[in-house]
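Some notes on the structure that comes next.
Only this structure's heavy atoms are used, side chains among them; waters, hydrogens and symmetry mates stay out.
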Amino acid sequence: MTKKALAAAAVLLVGGAYLFGLVPQRQRRLALEVEVSSLGHRLEIAEDRARLGTIFARAHGPVELVAQRNYGQAQQLSSVFFDDVRAEAGRTHEPAFRDPLLGVLALRDAVTAALSKGDPAALEELRRAAALLQPVLEKPAAAAGPAKAPPP
C-alpha cells in the first residue's frame with residue numbers, strides 16, 4: 001500500500017469510528033426529547049387538574065351558604081367561583097377539562113338570577129355545577145402514550 005492509500009484508509013477508519021459513536025448518541029438524544037415532550041404534556045394535565053380541584057372546592061362555599069339561606073354572601077362567592085371557571089376554561093388546553101368548565105359557565109345566569117331573588121333553586125344549580133367538575137377530577141390523568149422517536 002502506498003502512503004496515500006494508507007492515509008485514506010486511516011481517515012476512513014477515524015471517520016467511521018466517529019460516526020459509529022455519533023449515531024447512537026443522536027438516537028438517544030431524540031428519544032429523550034420525545035420523552036421530555038411527553039412528560040411536559042403530562043405535567044400540564046396535572047397542573048390543570050390541580051387548578052380544577054381548587055375550583056371544585058370553591059363550588060362548595062356558595063352551596064353551603066345557600067343551604068343556610070345566606071343568599072348575599074352566596075352570590076359573592078358564586079361570582080368568584082364562576083370567574084375562576086371562566087379563567088380556567090380559557091387557560092386549559094385539554095378538551096376533557098374545558099368541556100365541563102363550559103358546562104358550568106352555562107349555569108351562571110341561572111344561578112345568579114336565583115341568588116338575586118333568594119330562590120332556593122340556586123342550591124340545585126350550584127350542586128349541578130360541582131357535579132359537572134367531579135367526574136373530571138376522578139378520572140386518571142390522560143397518559144400520553146408511548147411516543148415514537150423520529151427517524152435518525
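- The CZ atom of Arg98 sits 12.5 Å away from the CZ atom of Arg91 when rounded to the nearest 0.5 Å.
- No side-chain donor-acceptor contact under 3.5 Å links Ser38 to the backbone of Val34.
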**OP:** Decide side chain to side chain contact (heavy atoms under 4.5 Å, CB included) for Glu64 and Gln73; before the verdict, give the C-alpha distance in whole Å, the side-chain angles of both, and the deciding distance to 0.1 Å.
**Re:** CA-CA 10 Å; Glu64 291 298 318; Gln73 279 188 317; over 6 Å; no
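- Taking hydrophobic clusters as Ile, Leu, Val, Met, Phe, Trp and Tyr residues chained together by side-chain heavy-atom distances below 4.5 Å, Leu107 shares a cluster with Leu102.
- Side-chain contact check for Leu132 versus Leu101: every heavy-atom pair is 4.5 Å or farther apart.
- Closest of all the heavy-atom pairs between Ala74 and Val66 is CB-CG2, 3.6 Å.
- A pairwise comparison of heavy atoms in Asp84 and Ile55 identifies O-CD1, 3.6 Å as the closest pair.
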Subject >> Pair Arg128-Glu124, salt bridge (Lys or Arg N to Asp or Glu O under 4.0 Å): steps then yes or no >> reply: CA-CA 6 Å; Arg128 192 158 34 130; Glu124 195 55 41; over 6 Å; no
Subject >> Steps toward salt bridge (Lys or Arg N to Asp or Glu O under 4.0 Å) verdict (Arg108, Asp83) >> reply: CA-CA 10 Å; Arg108 183 177 195 156; Asp83 288 345; 2.9 Å; yes
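- In the hydrophobic cluster analysis, where Ile, Leu, Val, Met, Phe, Trp and Tyr join through side-chain heavy atoms closer than 4.5 angstrom, Leu126 is grouped apart from Leu77.
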**OP:** Would you check, one step at a time, whether the test side chain to side chain contact (heavy atoms under 4.5 Å, CB included) holds for Gln68 with Leu65?
**Re:** CA-CA 5 Å; Gln68 297 168 5; Leu65 289 170; 4.1 Å; yes
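- Side-chain atoms of Ser116 come within 3.5 Å of backbone atoms of Ala113 as a donor-acceptor pair (strictly under, hydrogens ignored).
- Judged by distance alone, with hydrogens and angles left aside, the side-chain atoms of Ser79 form no donor-acceptor pair with the main-chain N or O of Gln76 at under 3.5 Å.
- Rounded to the nearest 0.5 Å, atoms CG (Asp99) and OG1 (Thr92) are 10.0 Å apart.
- By the 6.0 Å contact criterion, CZ on Arg28 is open, its count of non-hydrogen atoms from other residues, nucleotides or ligands being 12 or less.
- Minimum interatomic distance between Ala131 and Pro135 (heavy atoms only, all atoms of both residues): O-CD, 2.9 Å.
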Original post:
Given Asp48 and Glu88, is the side chain to side chain contact (heavy atoms under 4.5 Å, CB included) satisfied, shown in steps?
Top reply: CA-CA 8 Å; Asp48 286 351; Glu88 186 59 29; 3.8 Å; yes
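- Using a 4.5 Å heavy-atom cutoff, the side chains of Leu32 and Glu35 are in contact.
- With rounding to the nearest 0.5 Å, the separation of CZ in Arg127 from CD in Glu125 is 12.0 Å.
- Sorted by first and then second residue, the pairs that involve residues 50-84 and meet ring pair (Phe, Tyr, Trp, His ring centres under 6.0 Å), not counting sequence neighbours, are Phe56-His60.
- For the residue pair Leu105 and Ala89, the shortest heavy atom distance occurs at CD1-CB, 4.4 Å.
- Among all heavy-atom pairs drawn from Pro100 and Val136, the shortest one is CG-CG2, 3.3 Å.
- Of all heavy-atom pairs spanning Gly53 and Leu137, the tightest one is N-CD2, 3.6 Å.
- Using a 4.5 Å cut-off between side-chain heavy atoms of Ile, Leu, Val, Met, Phe, Trp and Tyr, with links allowed through other members, Leu43 and Leu39 fall into different hydrophobic clusters.
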